[in-house]
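Working notes for the structure below.
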Amino acid sequence: MDTEALKGSWHLVAQSGDQVPLFFYSALFLMYPETRGLFPVSMATQRDRLVGALGHVVSNVDRVDDLVPFLQQLGRDHRKFSVVAQHYPAVGQALLATLEHFLGDRWTPALARDWTQAYGLVSQVMTEAAEEASATSPPWWEGEIILHEVRAPGIAVIRARLNYPYPFRAGQSASVSAAVRPKVWRFYSFANAPRRDNTIDLHVRVVDGGTVSTALAHGAQRGDILKLGAPVGDRLTLDGNQPRDLLLIAGGTGLAPLKALVEQVAYEGQRRNVHLFAGARTSRELYDIEALSKLDAENSWLSVVPVVSNDAFYSGEHGYAVDVALKAWRGQDVFVCGSEEMVQGSVARLLDAGVPSGQIRFDEFTSAGGREQ
């Protein structure tokens with residue numbers, strides 16, 4: 001298999017932009033109409049996800065150790081879409097038809113063989129991972145909303161009780177779907193460490209064009225059922241073998257996974273000092289300040305510092321959370337979570353200030369196409 005030929009051909013195809021996923025899904029649904037029911041009514045976001053996933057696979061086609069875990073997670077995750085092994089050949093045919101269409105005269109028999117072989121390996125890894133996961137876990141979990149509070153304009157805190165034990169770690173995320181937006185999934189971080197009562201908390205901010213965030217913040221209510229995919233991500237989880245002190249920097253609802261870490265430290269009685277800096281634009285957007293203040297008062301090892309960047313009437317710390325946090329940095333491990341812009345700016349600021357890159361942790365799902373903060 002010529003990996004350079006695969007990369008080069010995909011680079012040429014990707015130059016056609018939105019026309020690529022549009023052609024692919026048109027071909028898929030024409031050849032296999034039964035697959036249309038697997039997807040949401042609006043395909044706009046789905047088209048972006050296809051290009052992103054294919055780009056990642058092709059870019060790492062010569063780095064198997066990096067690619068296999070990604071494909072395994074993709075295979076497990078696709079169970080929530082009711083994807084089964086029989087669907088993979090259909091997708092493969094649509095993919096080859098799409099490549100042939102956009103490559104034209106460059107689509108040679110040798111390239112067709114390489115792509116067929118590559119897709120065969122991809123589908124094999126994904127189906128095997130899905131089959132293995134099906135032996136130990138459901139394709140999705142269901143959770144009944146037992147609390148829904150609008151804490152600030154466009155920000156809601158939701159608590160749901162899940163129907164089965166859910167094996168996640170503090171700092172992880174999961175894809176979430178609401179009944180009013182069926183077959184549309186977005187990633188959210190849990191705002192709590194695992195609990196015995198099998199409940200989970202979500203902090204949801206409405207984002208522009210965010211159908212799931214809007215539905216959860218403004219349309220959901222007690223008694224509604226949410227679907228959750230399997231937990232993912234380990235970038236914001238704690239390493240029990242290195243119990244260093246922590247400096248946590250949150251922007252907006254990026255507070256969620258960092259609050260979960262605080263809960264984990266409290267539940268497990270870890271010997272860590274924790275500084276949590278909760279950043280917001282205005283004091284009204286400090287939506288969880290009451291709960292944070294309670295945690296601060298109950299735990300001597302915890303210091304919570306709210307920081308507001310754009311509110312002249314706020315009497316507390318002003319500025320960006322990262323700048324205030326740097327005043328307290330004494331070699332702690334640093335965790336950052338928030339919007340993509342906030343994370344990128346904060347990480348750059350930390351590096352400029354001399355914080356070692358190996359001690360900075362941030363959520364790589366922040367920039368994923370399927371995420372709504």
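When a residue number appears, it is its place in the shown sequence, counting from 1.
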query: With distance as the sole test, does T127 use its side chain to make a donor-acceptor pair with the main-chain N or O of A85 at under 3.5 Å?
result: no
- prompt: Is the side chain of Q359 donor-acceptor paired with the backbone N or O of Q332 at a distance under 3.5 Å, no angle test?
  reply: yes
How would you list, by chain and number, every residue that makes a ring pair (Phe, Tyr, Trp, His ring centres under 6.0 Å) with [X], sequence neighbours excluded?
{"X": "F335", "result": "none"}
{"X": "H101", "result": "F23"}
{"X": "Y32", "result": "none"}
{"X": "W329", "result": "none"}

- prompt: Taking side chain as C-beta onward, heavy atoms only, is H148 less than 4.5 Å from D224?
  reply: no
query: With side chains defined as the heavy atoms from C-beta onward, is the minimum distance between L228 and I200 less than 4.5 Å?
result: yes
Rounded distance [0.5 Å steps], [atom1] in [X] versus [atom2] in [Y]:
{"X": "T199", "Y": "L162", "atom1": "OG1", "atom2": "CG", "result": "8.0 Å"}
{"X": "K80", "Y": "K227", "atom1": "NZ", "atom2": "NZ", "result": "11.5 Å"}
{"X": "L202", "Y": "S173", "atom1": "CG", "atom2": "OG", "result": "10.0 Å"}
{"X": "L261", "Y": "L238", "atom1": "CG", "atom2": "CG", "result": "4.5 Å"}
{"X": "W185", "Y": "W140", "atom1": "CH2", "atom2": "CH2", "result": "7.0 Å"}
{"X": "N299", "Y": "K294", "atom1": "CG", "atom2": "NZ", "result": "9.0 Å"}

Name all residues meeting the side-chain contact (heavy atoms from CB on, under 4.5 Å) criterion together with [X]; count only those two or more places apart in sequence or in a different chain, and write none if there are none.
{"X": "S134", "result": "R79"}
{"X": "I225", "result": "E142, E144"}
{"X": "A112", "result": "W107"}

message: Could you walk me through whether D333 and R361 satisfy the salt bridge (Lys or Arg N to Asp or Glu O under 4.0 Å) test, starting with their C-alpha distance in whole Å, then the side-chain angles of each, then the deciding distance to 0.1 Å, before giving a yes or no?
response: CA-CA 8 Å; D333 284 343; R361 304 281 291 275; 5.9 Å; no
task: Starting from I289, walk the hydrophobic network (Ile, Leu, Val, Met, Phe, Trp, Tyr; side-chain heavy atoms closer than 4.5 Å) and list everyone else you reach, by chain and number.
output: L286, V308, Y314
query: Which pairs pass salt bridge (Lys or Arg N to Asp or Glu O under 4.0 Å) with one or both residues in residues 263-277, sequence neighbours excluded?
result: R195-E263
side-chain hydrogen bond (donor to acceptor under 3.5 Å, both in side chains): pairs with one or both residues in residues 315-327, sequence neighbours excluded: D323-R349
task: Return the set of residues passing salt bridge (charged side-chain N to carboxylate O under 4.0 Å, His left out) with R281 (not counting sequence neighbours), or none when no residue passes.
output: E285
task: Apply side chain to side chain donor-acceptor pair (under 3.5 Å) to the pair W115 and S9, showing each step before the final yes or no.
output: CA-CA 10 Å; W115 271 101; S9 61; 3.0 Å; yes
For residues [X] and [Y]: do they belong to one hydrophobic cluster (side chain heavy atoms under 4.5 Å, members Ile, Leu, Val, Met, Phe, Trp, Tyr)?
{"X": "V83", "Y": "L95", "answer": "yes"}
{"X": "L292", "Y": "F190", "answer": "no"}
{"X": "Y25", "Y": "Y119", "answer": "yes"}

query: Looking only at heavy atoms, which two atoms of A178 and L216 are closest? And how far apart?
result: CB-CD2, 3.9 Å
- request: Inspect the contact between D363 and R235 and indicate whether a charged nitrogen and a carboxylate oxygen are less than 4.0 angstrom apart.
  value: no
query: So which pairs with a foot in residues 259-302 pass ring pair (Phe, Tyr, Trp, His ring centres under 6.0 Å), sequence neighbours left out?
result: H203-Y287
